[in-house]
Amino acid sequence: MIVPRSFFARPSLEVARALIGMRLVRDDVVVRITEVEAYGGPADSASHARHGRTTRNAPIWGPPGHVYMYLCYGLHQMLNLVAGARAGDGHAILVRGGEVLAGLDTVLARRRASAASPALLAGPGKLAQGLGLDLAFSHHDVCAPGGLELHEGDGVVRVLAGPRVGIDFAAPRDRRAPLRFALAGSGAVTELATLAAPRRAGRARTPRRPA
DNA sequence: AACACGATGGACT
DNA sequence: GTCCATCGTGTTA
């Protein structure tokens with residue numbers, strides 16, 4: 001079941017959390033999303049939207065539910081999904097990891113790997129490579145049939161949260177904000193040590209280290 | 001027109 | 001842990 005566009009019509013923070021456990025589908029390949037990061041528009045000093053609209057980032061100012069691809073370090077393709085209450089909010093979610101549910105042979109060939117492992121699609125560059133995505137997928141609509149589609153997952157999952165990765169250039173506040181989300185128990189997650197289950201409201205706070 | 005630098009990944013010590 | 005491939009983009013001039 002393809003996710004309706006209304007799913008993306010809210011802040012990237014909410015969309016990111018809800019993406020964990022959903023599926024990316026392209027032809028015979030099905031991938032369960034295990035890790036994402038939310039980027040929150042021009043006010044977020046780590047976001048590509050921080051300098052306003054540019055040639056590269058045009059897709060993130062467009063309709064929610066569309067793809068924004070970009071090239072990192074000159075060689076890695078990064079998959080982002082546009083979010084936001086309205087087109088023009090500049091919100092996007094970077095998809096950082098996944099588990100192969102179907103089409104393993106296709107993914108192995110694209111990744112030039114010989115065997116499945118939890119690390120096969122753990123990392124944004126790996127995930128895009130496994131799905132065969134590149135810059136040409138920018139502006140593609142994942143809420144419409146054909147090409148890359150976003151499908152519903154199995155429902156309730158346990159989610160971990162922590163700081164985003166690789167954004168040392170950003171303001172301290174944005175570096176520390178818990179805007180990265182991951183599927184608890186999955187091996188296809190990077191920087192696991194900096195993730196934690198959100199503290200439940202009403203529960204007594206436990207000291208970080210013994211007194 | 002020149003330049004510095006990444007929302008990384010793989011190989012290696 | 002370290003090193004570095006590789007190039008489009010934003011910035012500055």
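Chain identifiers are assigned alphabetically (A, B, ...) following the order of the sequence lines, protein sequences preceding nucleic acid strands; residue numbering begins at 1 within each chain.
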What's the shortest heavy-atom distance between G62(A) and V82(A), and which atoms?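 G62(A) and V82(A) have their closest heavy atoms at O-CG1, 3.8 Å.
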I need the [atom1]-[atom2] distance between [X] and [N], as an integer number of Å.
X: R110(A); N: dG9(B); atom1: CZ; atom2: P; value: 17 Å
X: E35(A); N: dA7(B); atom1: CD; atom2: C1'; value: 11 Å
X: H91(A); N: dA7(B); atom1: NE2; atom2: P; value: 18 Å
X: H51(A); N: dA7(B); atom1: NE2; atom2: P; value: 10 Å
X: L127(A); N: dT8(B); atom1: CG; atom2: P; value: 13 Å
X: D168(A); N: dC5(B); atom1: CG; atom2: P; value: 13 Å
X: K126(A); N: dG9(B); atom1: NZ; atom2: C1'; value: 7 Å
X: Q77(A); N: dT8(B); atom1: CD; atom2: C1'; value: 12 Å

We want to know whether R110(A) and Q129(A) form a side-chain donor-acceptor pair, criterion being a heavy-atom distance below 3.5 angstrom.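 Result is no, nothing qualifies.
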Classify the side-chain pair Y68(A)/H139(A) by whether it contains a donor and acceptor separated by less than 3.5 Å.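 No, no side-chain donor-acceptor pair sits under 3.5 Å.
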Contact class for Y70(A) vs. all strands (heavy atom < 4.0 Å): base, sugar-phosphate, or nothing?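 If one applies the 4.0 Å heavy-atom cut-off, Y70(A) turns out to touch a base.
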Between the protein and nucleotides 5-8 of chain C, list every N/O to N/O distance that falls short of 3.5 Å.
unit_1 : atom_1 : unit_2 : atom_2 : d
dT6(C) : O2     : Y73(A) : O      : 2.5

Is the distance between the ring centroids of H91(A) and Y39(A) less than 6.0 Å?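 Ring centres of Y39(A) and H91(A) not closer than 6.0 Å.
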Salt bridge flag under 4.0 Å for residues R96(A) and E37(A):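 Salt bridge present between R96(A) and E37(A).
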In plain terms, say whether D154(A) and R23(A) are close enough for a salt bridge, that is, a side-chain N and a carboxylate O under 4.0 Å apart.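 Result for this pair is yes, salt bridge flagged.
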From the set [options], return the single nucleotide nearest to any side-chain atom of [X].
X: R111(A); options: dT8(B), dA7(B), dG10(B); result: dG10(B)
X: M78(A); options: dA7(B), dT8(B), dT11(C); result: dT8(B)
X: T55(A); options: dG10(B), dG10(C), dA7(B); result: dG10(C)

Dot-bracket for DNA chain C, please, read 5' to 3', with Watson-Crick or G-U wobble pairs under 3.5 Å on both distances, ( ) within the strand, [ ] crossing, | other strand, . unpaired. |||||.||||||.
Check whether any side-chain heavy atom of M1(A) lies under 4.5 Å from a side-chain heavy atom of H151(A), and answer yes or no.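 Result no, sub-4.5 Å side-chain heavy-atom pair not found.
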For a 4.5 angstrom cut-off between non-hydrogen side-chain atoms, does E35(A) reach R180(A)?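 Touching, per the 4.5 Å side-chain cut-off.
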Checking salt bridge (Lys or Arg N to Asp or Glu O under 4.0 Å) for the pair R10(A)/D89(A): CA distance, chi angles, key distance, verdict? CA-CA 10 Å; R10(A) 49 195 168 134; D89(A) 284 354; over 6 Å; no
